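Encoded as structure tokens, the structure appears first; notes follow it.
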Amino acid sequence: MLTNTRTGWGLISIVLHWLSAVAVVGLFILGWWMTGLGYYDSWYNIGPWWHRSVGVLLLFATLLRLGWRVAQPTPQHHGQRFERLAADAGHVALYVLLVGVLVSGYLISTAEGDPISVFGWFQVPALITSLPDQATLAGKVHWYGAIALMVLSGGHALAAIKHHWVDQNDTLVRMLSSRK
Ligand code: HEM
Ligand code: HEM
């Protein structure tokens, strides 16, 4: 139930996948919306505070997820050899983009040496502050990385729907239920 097998995802992988999917889309919408806020808007400070707090929690969850991914077996892909390779490449790219966007967000937020307060519960210290033009460079990586992540996630969701409706295999169902 909790752990993966060669035919299905366990509850831990499923929960991490969907929490992360909701957080990624939510952070993108919030991040984009933040860029339009004026200085006198009441959300001018609260928006980024939420964005950074949820982002840091997602960063920790992603580290856990990657550790779990390495420690556990993964269900075999369906489809032709080409399709299986494409699925693997797509998933690796999703992880790379996710980590890139999370780390660049951390590097923007801590570029001036300030720690990040996570909902006021605890602080994450600034570890790297001396990269050349850190905030600007990390900001570019963050923005283009976030867009690429959304485009790829969109394709990924369409692929999942195609497996369900067109190929009629259990790819989507097994990411929704650990009983399969
Ligand atoms: C997958 C997770 C994330 C997504 C999809 C995301 C998305 C975005 C987007 C679309 C923007 C607005 C565009 C921009 O100014 O670059 C933004 C801004 C920002 N994000 Fe994120 N973000 C994520 C994670 C994080 C994390 C983990 C942090 C910090 C710990 C963070 C900190 C920031 C900051 C400080 C800004 C404002 C940047 C600026 O004004 O240049 N983000 N994010
Ligand atoms: C509505 C949106 C989404 C749907 C329907 C969906 C569906 C799925 C399904 C069915 C799988 C299992 C594939 C398999 O068993 O081979 C999967 C895996 C995966 N998904 Fe999503 N997903 C969605 C959103 C996202 C988002 C936003 C991300 C971005 C981070 C993401 C990242 C991943 C990754 C990295 C895997 C591979 C898991 C692994 O092999 O470790 N998904 N997704």
Side-chain angles (χ1 to χ4, degrees), residues 4 6-9 12-14 16-37 44-45 47-62 65-79 83-84 86-112 114-118 124 126 134-164 169-177 180:
N4 301 346
R6 289 300 279 163
T7 54
W9 298 100
I12 294 178
S13 295
I14 293 177
L16 285 169
H17 174 269
W18 291 113
L19 273 183
S20 154
V22 170
V24 167
V25 176
L27 283 168
F28 185 81
I29 294 169
L30 177 57
W32 195 331
W33 179 69
M34 273 164 22
T35 59
L37 293 177
Y44 186 76
N45 288 316
W49 185 77
W50 267 83
H51 187 85
R52 288 190 301 267
S53 297
V54 174
V56 167
L57 295 181
L58 180 63
L59 177 59
F60 291 151
T62 302
R65 183 176 175 189
L66 290 172
W68 189 245
R69 174 67 166 82
V70 174
Q72 285 279 301
T74 40
Q76 268 166 330
H77 296 312
H78 300 293
E83 245 186 314
R84 298 200 304 270
D88 274 336
H91 292 161
V92 170
L94 279 170
Y95 281 130
V96 169
L97 282 172
L98 183 57
V99 171
V101 173
L102 291 167
V103 170
S104 59
Y106 168 79
L107 290 175
I108 307 170
S109 310
T110 54
E112 304 303 324
D114 302 320
I116 301 174
S117 163
V118 178
V124 178
Q134 181 166 327
T136 314
L137 210 68
K140 285 212 164 79
V141 172
H142 200 63
W143 171 239
Y144 291 111
I147 292 186
L149 183 58
M150 292 318 288
V151 171
L152 195 59
S153 308
H156 167 75
L158 287 178
I161 291 166
K162 182 217 172 232
H163 280 304
H164 190 71
N169 63 38
D170 72 348
T171 305
L172 179 59
V173 174
R174 74 185 183 185
M175 192 40 110
L176 290 165
S177 160
K180 274 289 282 177

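Counting starts at 1 for both ligands and their atoms, following the listed order. Small disclaimer: the values here were computed from a predicted structure and weren't measured. Along the sequence shown, the residues carry numbers beginning at 1.
- From Leu176, atom CG reaches atom NE2 of His17 across 9.0 Å, with rounding to the nearest 0.5 Å.
- For ligand 2, none of its N or O atoms has an N or O atom of Ser153 under 3.5 Å away.
- Scanning all protein heavy atoms for the shortest distance to atom 30 (C) of ligand 2 gives Leu98 CD2, 3.9 Å.
- Ligand 1 is never approached by Pro48 to a heavy-atom distance shorter than 4.0 Å.
- Residue contacts to atom 21 (Fe) of ligand 2: His156 brings an N, O or S atom closer than 2.8 Å.
- Taking all heavy atoms of Gln76, His91, Arg84 into account, the minimum distance to atom 37 (C) of ligand 2 is reached by His91.
- Some N or O of His51 is nearer than 3.5 Å to an N or O of ligand 1, by distance alone.
- Annotation for ligand 1: atoms under 4.0 Å from non-hydrogen atoms of Val24 are 5 (C).
- Checking Leu58, Leu97, Val101 one by one against Val24, the side chain to side chain contact (heavy atoms under 4.5 Å, CB included) holds for a single residue, Leu58.
- Residue His142 places at least one N or O, backbone or side chain, under 3.5 Å from an N or O of ligand 1.
- Those atoms of ligand 2 with a heavy atom of Trp18 less than 4.0 angstrom away are 3 (C), 4 (C), 5 (C), 6 (C).
- When the options Gly31, Ser20, Ala23 are ranked by their closest heavy atom to atom 12 (C) of ligand 1, first place goes to Gly31.
- Residue Ile116 approaches ligand 1 through these ligand atoms, each under 4.0 Å from one of its heavy atoms: 30 (C).
- Note on ligand 2: His78 sits outside its first shell, no heavy atom being nearer than 4.0 Å.
- At a heavy-atom cutoff of 4.0 Å, ligand 2 is contacted by the side chain of Arg174 but not by its backbone.
- Distances from atom 15 (O) of ligand 1 to the heavy atoms of Leu58, Leu59, Val25, Thr35 put Thr35 nearest.
- Annotation: atom 16 (O) of ligand 2 to nearest protein heavy atom, His77 ND1, 3.0 Å.
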For this session: Report the C-alpha separation of Leu149 and Phe28 in whole Å, then their side-chain angles, then the decisive distance to 0.1 Å, and conclude whether the side-chain contact (heavy atoms from CB on, under 4.5 Å) test is met.
Result: CA-CA 9 Å; Leu149 183 58; Phe28 185 81; over 6 Å; no
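- Each of the following atoms of ligand 2 lies closer than 4.0 Å to a heavy atom of Thr171: 10 (C), 13 (C), 14 (C).
- Of all the heavy atoms of Trp68, none lies under 4.0 Å from any atom of ligand 2, so neither backbone nor side chain is involved.
- With rounding to the nearest 0.5 Å, the separation of CG in Leu59 from OH in Tyr106 is 9.0 Å.
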Problem set entry | Stepwise side-chain contact (heavy atoms from CB on, under 4.5 Å) check, Ile14 with Met175 | CA-CA 6 Å; Ile14 293 177; Met175 192 40 110; 4.2 Å; yes
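- With hydrogens left out, the protein atom closest to atom 38 (C) of ligand 2 is Tyr95 OH, 3.5 Å, a heavy atom.
- More than 12 non-hydrogen atoms from other residues, nucleotides or ligands lie less than 6.0 angstrom from CH2 of Trp143.
- In this structure, atom 13 (C) of ligand 1 lies nearest to the protein heavy atom Trp143 CE3, 3.3 Å.
- Residue-ligand proximity: Arg65 is placed with a non-hydrogen atom under 4.0 Å from ligand 2.
- The protein heavy atom nearest to atom 4 (C) of ligand 1 is Val101 CG1, 3.6 Å.
- Close approach to Leu102 involves these atoms of ligand 1, each under 4.0 Å from a residue heavy atom: 2 (C), 27 (C).
- Distance from atom 2 (C) of ligand 1 to its nearest protein heavy atom, with residue and atom name: Leu27 CD1, 3.5 Å.
- Other residues, nucleotides and ligands contribute at most 12 non-hydrogen atoms within 6.0 Å of the CH2 atom of Trp32.
- For NZ of Lys140, the number of neighbouring non-hydrogen atoms (other residues, nucleotides, ligands) closer than 6.0 Å is 12 at most.
- Note: Met34 CE to Asn45 CG = 11.0 Å, rounded to the nearest 0.5 Å.
- The protein heavy-atom contact nearest to atom 35 (C) of ligand 1 is Ser109 OG, 3.5 Å.
- Inter-residue side-chain proximity for Val22 and Trp18 is flagged as unmet; no heavy-atom pair is nearer than 4.5 Å.
- Within a 6.0 Å sphere centred on OH of Tyr95, other residues, nucleotides and ligands contribute more than 12 heavy atoms.
- For His17, the N, O or S atom with the smallest separation from atom 21 (Fe) of ligand 2 is NE2.
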For this session: Check step by step if side-chain contact (heavy atoms from CB on, under 4.5 Å) holds for His164 and Asp170.
Result: CA-CA 7 Å; His164 190 71; Asp170 72 348; over 6 Å; no
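- The single protein non-hydrogen atom nearest to atom 41 (O) of ligand 1 is Ile108 CG2, 4.7 Å, given as residue, atom name and distance.
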Problem set entry | Audit row: His91, His77, side-chain contact (heavy atoms from CB on, under 4.5 Å) steps and yes/no | CA-CA 12 Å; His91 292 161; His77 296 312; 4.0 Å; yes
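- Remark: minimum distance from atom 39 (C) of ligand 2 to any protein heavy atom is reached at Arg69 NE, 3.2 Å.
- Taking 4.5 Å as the limit, every side-chain heavy atom of Val124 sits out of range of all side-chain heavy atoms of Pro115.
- Of the heavy atoms in Met150, none comes closer than 4.0 Å to ligand 1.
- Nearest non-hydrogen protein atom to atom 36 (C) of ligand 1 is Met34 CE, 4.0 Å.
- Nearest to atom 32 (C) of ligand 2 among the protein's heavy atoms is Leu94 CD1, 3.6 Å.
- In this structure, NE2 in His163 is found 9.0 Å from CZ in Arg174, a value given to the nearest 0.5 Å.
- Two residues are said to be in side-chain contact when any heavy atoms from C-beta on lie closer than 4.5 Å; Gln134 and Ile108 fail this criterion.
- Taking 4.5 Å as the limit, some side-chain heavy atom of Ser20 sits within range of a side-chain heavy atom of Leu98.
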